[in-house]
Peer 1: 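The structure that follows is given in the form of structure tokens.
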4 protein chains.
Amino acid sequence: MVHFDCDYMEGAHPEILKRLADTNFEQTPGYGEDSYTAKAKELILKACGLENARVMFLVGGTQTNSTVIDGILDRHEGVLCAESGHINVHESGAIEASGHKVLVLPQHDGKIRAGDLASYIDDFYKDDTFGHMVAPGMAYISHPTEYGTLYSLNELEAISKACKEKGIPLYIDGARLGYGIMADGTDVTLNDIARLSDVFYIGGTKVGALFGEAVVITNDRILKHFFPLVKQHGALLAKGRVLGLQFQTLFADGLYFRIARHAVEMAGKLKSAMLSKGYRQVIDSPTNLQFFRIPNSEIDRLKRFATFEYWGPRGKQESTVRFATSWATKEEDIDEFISKL
Amino acid sequence: MVHFDCDYMEGAHPEILKRLADTNFEQTPGYGEDSYTAKAKELILKACGLENARVMFLVGGTQTNSTVIDGILDRHEGVLCAESGHINVHESGAIEASGHKVLVLPQHDGKIRAGDLASYIDDFYKDDTFGHMVAPGMAYISHPTEYGTLYSLNELEAISKACKEKGIPLYIDGARLGYGIMADGTDVTLNDIARLSDVFYIGGTKVGALFGEAVVITNDRILKHFFPLVKQHGALLAKGRVLGLQFQTLFADGLYFRIARHAVEMAGKLKSAMLSKGYRQVIDSPTNLQFFRIPNSEIDRLKRFATFEYWGPRGKQESTVRFATSWATKEEDIDEFISKL
Amino acid sequence: MVHFDCDYMEGAHPEILKRLADTNFEQTPGYGEDSYTAKAKELILKACGLENARVMFLVGGTQTNSTVIDGILDRHEGVLCAESGHINVHESGAIEASGHKVLVLPQHDGKIRAGDLASYIDDFYKDDTFGHMVAPGMAYISHPTEYGTLYSLNELEAISKACKEKGIPLYIDGARLGYGIMADGTDVTLNDIARLSDVFYIGGTKVGALFGEAVVITNDRILKHFFPLVKQHGALLAKGRVLGLQFQTLFADGLYFRIARHAVEMAGKLKSAMLSKGYRQVIDSPTNLQFFRIPNSEIDRLKRFATFEYWGPRGKQESTVRFATSWATKEEDIDEFISKL
Amino acid sequence: MVHFDCDYMEGAHPEILKRLADTNFEQTPGYGEDSYTAKAKELILKACGLENARVMFLVGGTQTNSTVIDGILDRHEGVLCAESGHINVHESGAIEASGHKVLVLPQHDGKIRAGDLASYIDDFYKDDTFGHMVAPGMAYISHPTEYGTLYSLNELEAISKACKEKGIPLYIDGARLGYGIMADGTDVTLNDIARLSDVFYIGGTKVGALFGEAVVITNDRILKHFFPLVKQHGALLAKGRVLGLQFQTLFADGLYFRIARHAVEMAGKLKSAMLSKGYRQVIDSPTNLQFFRIPNSEIDRLKRFATFEYWGPRGKQESTVRFATSWATKEEDIDEFISKL
């Protein structure tokens, strides 16, 4: 049995476990006041080409999204997001639970368009009743998206420009950022992400860490009281060192990027094989997630030797399924699966 | 200048003001514990053909929606609603501010369909990831809708049945309920509304009262602690008598229905005239709201002697506008407007 | 039977009802965009000795407190308040429901002390763990307090100064402000209230209006998006004219102050009589609320011909009770009650 | 330099790190659906003497408290808690952020008394205005408390009985539960905790785990939809296995209790030494936290070779400080510190 359910089925890169063990009995202050965390922040800023941004480590993606968004929005504001965005679908209403509406934009392969965003805001303020409606207070995108797709640099520049012109911050959910940065054909670098957003996070949970997300705040006018908010959202890890050390390890010598690249290559191999065997791709993803529309009978056959997820409810005749690779995917598992297609 | 901006431009039916004046110096307990409120509850139950339901008077529509919905939903649940529903568009995020997501269903002339509602819930529980999504915890419809349209009895029965089968309560926003009940051609009575929903409200603000909405709770398993919730939502009027007395007046001898009928007739007259003059109707509404799509130049001309609202942002060439009549609309105003079409 | 339960047992000053009737069929825009509201704002600013402050009319006290406080506080902040403050005791958790903690200061006859407030803030920031605690983000006082007591001008100046020094806004709940301003022996004027706070409200519900509270925002750096927040809190009255017209009437020629003075005089007469008959005063209130500690047997006797409220739970031997007069209290009722003491 | 700042300065028990490494490349489903988690649940139930309770693993204490409490309380309810309780002081308002008031009871060495709890509820419902106040909907205690103190079995039985009689659930915060169970002289066992509460948690973060808290729900009428609520609160760890495996390790053969005992012994040794040297104990704690009131000059001297926390702001002449030991405290560090007293 081989497994492609998701990109968080394994533990952490062995180097991380080794370093956790090596430093296990060192006594450090809690809540991120330790030297590992300080070092990790330094390395991340450097990797992003930043000098003065703030970095904070949280545990998971949903909590990061809900804490960041809650911290940015004023009470009468909502967050613009693709209809398919994670915060709109798969976070159990965490954004609403902290009081804010998700304002839905059309999605195109999981992405929003700068033009749609600008129109939404223009139309909002042209509507005489806008004082009775939820004001667009920030924009949320994910890169890669839920569908594994990537913004081009042009697209990202346009969205960033639209946000600046309309006066709202742009937040990029980078739960799988490594897999985006290291994809074939992308022209978006980590520096671009940092340059074009007001705040973003670099996902660790899905890219080599046991868990952990690194929030990078480049706009110093937002999230001024982030620490107590992180605490309030239950997102402050007591042993902050455990987060700092993981990110220090991932960013010390490019490990994060190397292992992300591996996942992308494994997904590419899987995709090529499936396409050549005639499976119908739903979307053309250059990253670690691959979506196919497959007859249910074939899904049932594949399920005998592989696990993967339905994307949405199972259909009557055929269904969409998702295959995920990760930094830890073994090439032999890919080969075994391909041999049975 | 004649005014069709909305249905809350005037004060209250004169009989209400008279009774307020007559009883002004009576001393009554606060918060709805007075005899006028008790009498009003009795009259409303009778008008609804109910015996044991609870009735509670609140001040306005948005606060009623947010209090009722907040009281019904569990923390992990959201409310199903037409994309065009008032709670989804024009309540400044009040539902989200109390922690709940509005789950959007397609709208057809402002209405949802029982089949869409049932499918949403079926698909939800068929999705393996439903534990990560906001569960549909209740349904919200308005009757009449935002577009002035009405559910037929068949449609309402189907929605009610779907809700019961799926185990969620149905809440009907009756901000303009009188205008719906008294419309031409409707087969939905107040008794049907009461019988087919778990909770609904009878709008007073837009139908003859200075302000006030009567919440009728027919399902005794919901909203068990409604009083403190009303207080918490800032929706408890100190001088509850003022609400009770208004509804007592409206329901003592059918005043509510008579004055609602007047508004419907005035809107009908307006509609006929506009149609006969070739104005393009956007939607066929049998109630007090009428929507037309009109060239901007003609809108500008009409605006010289009449006020009415844009529905959405003004378009480039033509725009949708809304004309509202009310219980207080003067026939001479309608005539004057018609004469200038 | 005479009634001293509370100060909202009657309707409105007759002049208000008359004006509501006189203007009943005028058509005005909703939500406070009418000329009555504009005029009322002008009169209130004049009465407060202000030129540029913002004024907004809401319906009731709890909703005003929760909307104002929610609008001022950042997510990590709480509101400093006397332990006995209305928002801490009798608002069903409305402040917490919008996400904020009430930070309790000791109460002295219902009042807080500037020194306690300053110490709280000093100690807070001296505590190494303050990032894990709720930051004091504003101060709330009521004038008169829940116990009918008043701040002296010195006390108020000191509190205002402490707030300024510590960088937090001061909000004054004036649900019974008229009864405070017109009390014997007070040296605090409406101008002082306006000058020494950042935002306050002038209560109408308890002082002559059917309902309504006038929020006056003197600090232009706070509550920048108050309108949508009012809507979100369900506190925006559709027929804003009804609020505007009431306050216009109350402030056109000093009516508010005259009728408030009457209540104070009636309470003074009641107090003197009770003291002279040997009833034990709990607190020395110069306003319309009077508190006495009375043996239960005597309470039971008084209850045969008068109604009034227990203040807290009934005790075993004796209990604290509250007598409230209002702008509408009849002197003959006071006399009748006194005759039976 | 020796460190007694808190009980989360080190990593995890080495056996945990070893097992994480051993299983690192196993692929398991996320969100706690793995076999390690299943096994851990089984072991915990066994250790608690329970058969049918539910167990769920969360990451940290504040998030656990806020998720559990939010899930139990109805919207109009608050949580009873000692004034010194963690949720009332050191969680940045997390309870209020999810909409609920903390209802304060007096604390006696960090503990509440059954009598105070019962009286609070009795008085609440005897107050005629209780519908305007926040209803006591559950009780929260911590064992050990913030001050390191423990409830006796009699005290705990009385609190549990009072809760049952008043109809509210009892929740025990066991962030340091191991240090309580293993204290000298306690008559409270893990079985008692499980038997006398409706829900409690066994703290891992402070007792041997890298992080993690095991919530045990013994009352099947509460927290019926806990999974989506955990997700909504950002408290659902993607790699649930990491939590399951840690608790499996801690509860496989009593490791949790053995290492907790060590911390208690180290604290006892420290306490005895300090007492014998004449340091003034603030409170007599039998667990791993020790509080002393020490002249500032002596604190400054001790700070030259040891770290420990101020408890509250530093005083003018003397201050209260806290010494914490943990499962990882080295006896040689205790000895070194003692040698310098």
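Owing to the predicted nature of the structure, the values given are computational and were not obtained by experimental measurement. Each chain gets a letter, A, B and so on, in the order the sequences are listed, and its residues count up from 1.
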Peer 1: Which residue out of B:I95, B:V102, B:N88 racks up the most heavy-atom pairs below 4.5 Å with chain A?
Peer 2: B:N88
Peer 1: Tell me which of these, B:K126, B:K101, B:R314, B:E309, has more heavy-atom pairs under 4.5 Å with chain A than the rest.
Peer 2: B:K101
Peer 1: Is it the backbone or the side chain of A:V104 that comes under 4.5 Å from a heavy atom of chain B, or both, or neither?
Peer 2: neither
Peer 1: Can you list everything that forms a ring-ring contact (aromatic ring centres under 6.0 Å, His included) with B:Y140? Sequence neighbours excluded, please.
Peer 2: B:Y171
Peer 1: Sorted by first residue and then second, give each salt bridge (charged side-chain N to carboxylate O under 4.0 Å, His left out) pair with at least one member in residues 64-75 of chain A; sequence neighbours left out.
Peer 2: A:D70-C:R75, A:R75-C:D70
Peer 1: Side chain, backbone, both or neither: which part of B:H100 has a non-hydrogen atom closer than 4.5 Å to chain A?
Peer 2: backbone
Peer 1: Which pair of non-hydrogen atoms, one from B:G312 and one from A:D127, has the smallest distance, and what is that distance?
Peer 2: CA-OD2, 3.5 Å
Peer 1: Between A:D128 and chain B, with a heavy-atom cut-off of 4.5 Å, which part of the residue counts as in contact: side chain, backbone, both or neither?
Peer 2: side chain
Peer 1: Would you mind telling me which of A:A97, A:S98, A:G131 has the largest number of heavy-atom pairs within less than 4.5 Å of chain B?
Peer 2: A:A97
Peer 1: Compare all side-chain heavy atoms of A:H90 with those of B:M133 and state whether any distance is below 4.5 angstrom.
Peer 2: yes
Peer 1: If you count heavy atoms of other groups shown closer than 6.0 angstrom to CZ of B:R293, is the number above 12?
Peer 2: yes
Peer 1: If you count heavy atoms of other groups shown closer than 6.0 angstrom to CD of B:Q281, is the number above 12?
Peer 2: yes
